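These numbers were taken from a predicted model, which means no experiment stands behind them. Each ligand, and each atom within it, is numbered from 1 in the order the structure gives.
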Amino acid sequence: MSTPSKDVSAMRRAIALSRKGFPAPNPHVGCVITGEDGSAVGDGWCDFAGAPHAEAVALAEAGARAAGGTAYVTLEPCNHYGRTPPCSQALLRSGVRRVVIAVLDPNPVAAGGAEALREAGIEVEIGLLADSAAEVNHQFLFAMAHGRPEFTLKAAIGLDGRIALPNGDSKWITGPTARKAGHALRAECGAVLVGCRTVLADDPELTARIPGVKNPPVRILLDPNRRLTGKERVFDNQAETWHITGPINLDLLAADWYRRGLTGVLIEGGAITHGHFLRAGLADRIELFVAPKVLGAGPSWVHAADLPSPLELGWEIIKSARRGEDLQVSLAKRFE
Ligand code: AOF
Ligand code: ZN
């Protein structure tokens, strides 16, 4: 039996809604409610971690018009009392007849909504446009599956792959549009990490300075030899800062960051830090902002001269987009 086109288009819209907001470390979730006659009566998405869930937002808009209708949700409705009450119960109370789910929730704390709804007599369908819904939510799903955050290496480079001018200046390689996209990536990941050399060289704030960010990303500093004084700008009170000192074991740290609630970390360099993540097999995605400039000297964005052979392979360009004068190239590790 093929899926009716009205189901496909409603779920497409729910997936488009799920892209909105910066819900990290929580999942991206979108929800569309249609009434008994099939007309759209409610839209919702989860705007930030701690905000009302997508289903609650859509149900609030639909009100009594949800009765006899269908709810399209990109992630299985939660079945737990977290920061908000269970969406499975809210859906039941609304009187919807049918719930269409793209992807089941791998979060053991919240899962079980599909079964609860079915047991209550609601018609539940699972898997519609699952691949597209999962791609929007790659970070959350990756973290749940691997017990660690998803790591994205980010760099702004010239045409020769370098990150700094001959005088060492690395601040303005790319233009304002690309820098804004970089700030969106920080908010999207929910955490930003740099090595101490980058803090000493650039004194960055590492904040997400764009509208719509409610939860400032956590700042993580790798400083094994305690070279930072605590007076640098990353130690201001704009966001939480985790200062890691002493011997560094990235696998142990990754598991610890996950336990502390992170699902993603944007690794902003420098070259040596990027190299450590690549070498440890902890580079899951790469975001390169390429400026149409030849810098001529200075280091490449990743120091990876001693990379063991299997790790250097297998990247796939999943997206590329013009950002003002510059280009953003998004890559994911290809699993074979
Ligand atoms: C969201 N937004 O729209 C949905 C979520 O942190 P809590 O208490 O709000 O619960 C988060 C869990 O709830 C989350 O990990 C996921 O399993 C489930 N669904 N979460 O933040 C939403 N529908
Ligand atoms: Zn919920």
Considering only NZ, NE, NH1 and NH2 on the basic side and carboxylate oxygens on the acidic side, decide whether [X] and [Y] come within less than 4.0 Å.
X: Asp47; Y: Lys214; result: yes
X: Arg98; Y: Glu123; result: yes
X: Arg186; Y: Glu268; result: yes

N or O pair under 3.5 Å between Thr84 and ligand 1 |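 In this structure, Thr84 places no N or O atom under 3.5 Å from an N or O of ligand 1.
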With a 4.0 Å cut-off on heavy atoms, does [X] reach ligand 1?
X: His80; answer: yes
X: Cys87; answer: no
X: Trp45; answer: no

Strictly under 6.0 Å, is that where the ring centroids of Phe48 and Phe22 end up?
->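 Here the rings of Phe22 and Phe48 have centres that are no less than 6.0 Å from each other.
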Within 6.0 angstrom of [X] [atom1], more than 12 heavy atoms from elsewhere:
X: Arg197; atom1: CZ; value: no
X: Arg233; atom1: CZ; value: yes
X: Glu135; atom1: CD; value: yes

Below 4.5 Å, heavy atoms only, C-beta onward: do Ile163 and Pro299 meet side chain to side chain?
->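 Result yes, sub-4.5 Å side-chain heavy-atom pair found.
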What are the atoms of ligand 1, with element, lying closer than 4.0 Å to any heavy atom of [X]?
X: Glu55; answer: 3 (O), 23 (N)
X: Ala110; answer: 13 (O), 17 (O), 18 (C)
X: Gly82; answer: 8 (O)

Check: Asn137 side chain, His28 main-chain N or O, donor-acceptor pair, under 3.5 Å |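 It does hold such a pair.
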Verify, without hydrogens or angle tests, whether Asp326 (side chain) and Thr174 (backbone) share a donor-acceptor contact under 3.5 angstrom.
->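 Side chain of Asp326 to backbone of Thr174, a donor-acceptor pair under 3.5 Å: no, none is there.
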Could you check which of Pro85, Pro27, Pro77 puts a non-hydrogen atom nearest to atom 14 (C) of ligand 1?
->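 That would be Pro27.
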Atom 8 (O) of ligand 1: which of Met144, Arg83, His28 has the nearest heavy atom?
->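 Heavy atom nearest to atom 8 (O) of ligand 1 belongs to Arg83.
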Flag for Thr152-Arg285: side-chain donor and acceptor within less than 3.5 Å |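 Judged by distance alone, the side chains do not pair up.
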Is there a donor in the side chain of Thr263 and an acceptor in the side chain of Gln139, or the other way round, less than 3.5 Å apart?
->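 A donor-acceptor contact under 3.5 Å links the two side chains.
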Quick one: look up the protein heavy atom nearest [atom] and list residue, atom name and how far away it is.
atom: atom 21 (O) of ligand 1; result: Asn26 ND2, 2.8 Å
atom: atom 16 (C) of ligand 1; result: Asp105 OD2, 3.2 Å
atom: atom 15 (O) of ligand 1; result: Asn107 ND2, 2.9 Å
atom: atom 22 (C) of ligand 1; result: His53 CG, 3.3 Å
atom: atom 2 (N) of ligand 1; result: Cys46 SG, 3.0 Å

Looking only at heavy atoms, is any part of Ala54 under 4.0 Å from ligand 1, and if so is it the side chain, the backbone, or both, or is it neither?
->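 For Ala54, the contact with ligand 1 is made by both the backbone and the side chain.
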Establish, yes or no, whether the cationic atom of Arg260 lies under 6.0 Å from the six-membered ring centre of Trp242 and within 45° of the ring axis.
->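 Checked: cation-pi criterion met.
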Polar protein atoms near the Zn ion (ligand 2) [N, O or S; cut-off under 2.8 Å] =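 His53 ND1, Cys78 SG, Cys87 SG, with waters left out.
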